[in-house]
Amino acid sequence: MPQTADVLIPLALDTAYSYAVPAGLVLAEGDVVQIPLGPREIAGVVWGVEERASGGSNLRPVTGLIEAPPLSEPLRRLVDWLARYTLAPKGSALAMALRLPDESARTETMRVGVRSSGKPPARPTAARAKALAVAADGVVRGKSTLAKEAGVSLSVVDGLIDDGALEAVALVPEPVALPPDPDFLSTAHLSEAQAEAAKQLNAAFDAGPPSPRTQGESRDDIVVGALSPKGEGEGSSSEKTLPVAPPHHRSARLALDKEGSALSPRAGRGDAHDASRTILLEGVTGSGKTEVYFEAVAECVRRGRQALVLMPEIALTAQFLDRFAARFGVRPATWHSGIGGRRRERLRAGVAAGDVSVVVGARSALFLPFRQLGLIVVDEEHESAYKQEDGVHYHARDMAVVRGKLEGCPVVLASATPSIETRVNAQRGRYGRIVLPERFGGRRLPDITAIDMRLDKPERGRFLAPPMVAAVKKAVADGEQALLFLNRRGYAPLTLCSACGHRYQCRNCSTWLVEHRFRKALVCHHCGYTERKPEACVECGAFDHLTPCGPGVERIAEEAAELFPDKRIIVLSSDFPGGTERLRQELEAVAAGECDIVIGTQLVAKGHNFPHLTLVGVLDADIGLTSGDPRAAERTFQLLQQVTGRAGRGERPGRALVQTFQPDHPVIAALLSGDAERFYEEEIAQRENAGLPPFGRLAALIVSAAEREVAEAHGQAMARVADPPAGIMVLGPAEAPLALIRGRYRFRLLVKTDRAIDIQSYLRDWLGRSPKPRGNVKVAIDVDPQSFL
DNA sequence: AGCACGCCGACT
DNA sequence: GTCGGCGTGCTC
């Protein structure tokens, strides 16, 4: 019986295309196939197979099966889910999971090995005899290995191959990763609290459903950060204007749920099942979260399943890999954007075959074709680096929760400073929560003291307050390391001409240009626009009147160099001269203690540990509190908590000094009191009081039209008509700060929502009914539920 | 993603 | 007169 295959193509296409399956080829869902598309041939994945007695003869045939790991059922469902949630075309979502070997991989030379063929060489020589003596054991070696071992040159080996005494064989590539040993280190090194936490964590392995793959139908109900339903009783007022969702669309059930909040299909139903399977592992810096989740990884490996540890890319350091090796005997397989070519493909294959049992990777590792995934850990779950902002917009932490659900495996979200949404999910019982309250080894958290800048003013033209100077002086005099933290790159955030008052501004954005003295340039930190620092004022032509206003790390370094001329000072920021590799080296050097005073931006708050650090000085704790970003408070708290937590990880206790103008601000007060709990409660309450969801949901709708008036009319009509269903808020162009009109009248509306999925049907319906002014309005929908909050 | 088609400005 | 910019549509 002839087959027809629906093939999803990794392009911006939302529907699978149908192809005839040639006789002799039998396809299954998930198979990677080559198919003709227009004039070319490309790879796609079989999304469905139909048996057909007749018909299908008008379809173009599948060209062939590609040798690549097929996409498992859960992975295919993840692609579906991702596409629907982000409103991305399915094909684009597929592209994330289908990264086939690129050209460089194919052209890379295959490693050739040699072994003895048993035949004696036609022309024996001394060198040949030596080589053959080594090869006599019949073991396959690389050519260069054999040459080295025998102490002969490569040409001798080549000669023997030509001669027929050695035969060349394709070498089995070395494994991408050695198997980690879950019992390499006994659990005796764990503290009591850690051991208890590990035990609780490991209980999650047995709490799951018997078979995850029988649960297909429930997958729409997966609750992740941004999708979590609101509390009960929130507006259902606009149901009358709720458009009738197209019947073909699944969300009809959700959108038309008459029971109450249409957007909260599961509101009020605590989900004990989820709670035992997605777990927030919360512990202050230095409490040993990593060791705890390593135990879960060990347990997962013991059970013969695979574990995935997700990290923000910058946190994937040698330091971390060594910690892993100390626990498991070997370094883990790693996956990040820099892994390319053959290595990439072999890792994929190893993961698909189940040979690679642990992968540590950045967010894209989420789409690897695991054979039997048994655990996902999301380290530093609050990190905004988990947000993919280009192409398909997704949050890797949320997708990890989704994949965990689809694979039927536990998901651990680890953080010292969890995101608000994760805290809320834990609080509402949707996620489990394990807290490590203390630092490992009885070490104390650093004492944090405020320096009230209204009282303790720095000297004129200086930025370090006297108590800060004194503290740094004492620390370095005692041979300790100090960190001065200022989250501002460059020399000065604003430059003006003291003769005419001209302020240097970016020509693209409305931001001030930041002076970078080292680079002799004025730089826009928003768009990257750079210009040479002018000799004379561009406005009035006055010389020597350019005045830097305010501090950046470079300026602090200048001040520190004057105050502590004999100390080793280093500035660490993301624009470190010499690139990422140099920066990495410098971070290692600092960790090794080869520096007295570190001056750094937020870069130093993440990833690296500095064991010699005892003093952290925060130079402007108030930066970011007034940014207008709804997550400003949360972000600032997380950052300050992390950076102050860097102090005192070694034997000595640490302390932190915080320069601030608002010691009573809730964020600063919570930081000073060390009461994170209080911060979260206040922050969540505040959002609820303001009528905001406790965490972000926002969808952006882009309308582009050939004519500005058309777009504007459309947008205004939309904003007006949109008396939106519960949980959806449509912001008109005037209210939307991001409503940029760029290029040819591209027009952007923001639509705020609980559930991106519902927007799709809502908009389709609304636009379907609306008159099309000139028949020339195109609607593309682009949603990132989290990027704005 | 590629590739064709079609509409507008600026050249040998 | 065309060359070529990109905006738009199509690929089973």
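What you see below is based on every heavy atom in this structure, not just the backbone, and it leaves out hydrogens, waters and symmetry mates. Chain naming here is simple, since letters A, B, ... match the order of the sequence lines and numbering starts at 1 in each.
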Fill in: Distance in angstrom units between A:R60 CZ and C:dC10 C1', rounded
13 Å
Worksheet item: Nearest-Å distance, CD (A:E50) to P (C:dC12)?
Response: 18 Å
Discussion item. A:K533: which residues meet the side chain to side chain donor-acceptor pair (under 3.5 Å) condition with it, sequence neighbours left out?
Written reply: A:E515
Worksheet item: Should the heavy atoms of other residues, nucleotides or ligands under 6.0 Å from CD of A:E67 be counted, would the total exceed 12?
Response: no
Worksheet item: Ignoring hydrogens and geometry, is there a side-chain-to-backbone donor-acceptor pair from A:Q34 to A:V62 under 3.5 Å?
Response: no
Worksheet entry | Minimum-distance pair of heavy atoms, taken over all atoms of A:P369 and A:L75 | CA-CD2, 3.7 Å
Fill in: Nearest heavy-atom neighbours spanning A:S18 and A:T4
CB-CG2, 4.3 Å
Between the protein and nucleotides 1-5 of chain B, which nitrogen or oxygen pairs are less than 3.5 angstrom apart?
| from | atom 1 | to | atom 2 | distance (Å) |
| --- | --- | --- | --- | --- |
| B:dA1 | N3 | A:R40 | NH2 | 3.1 |

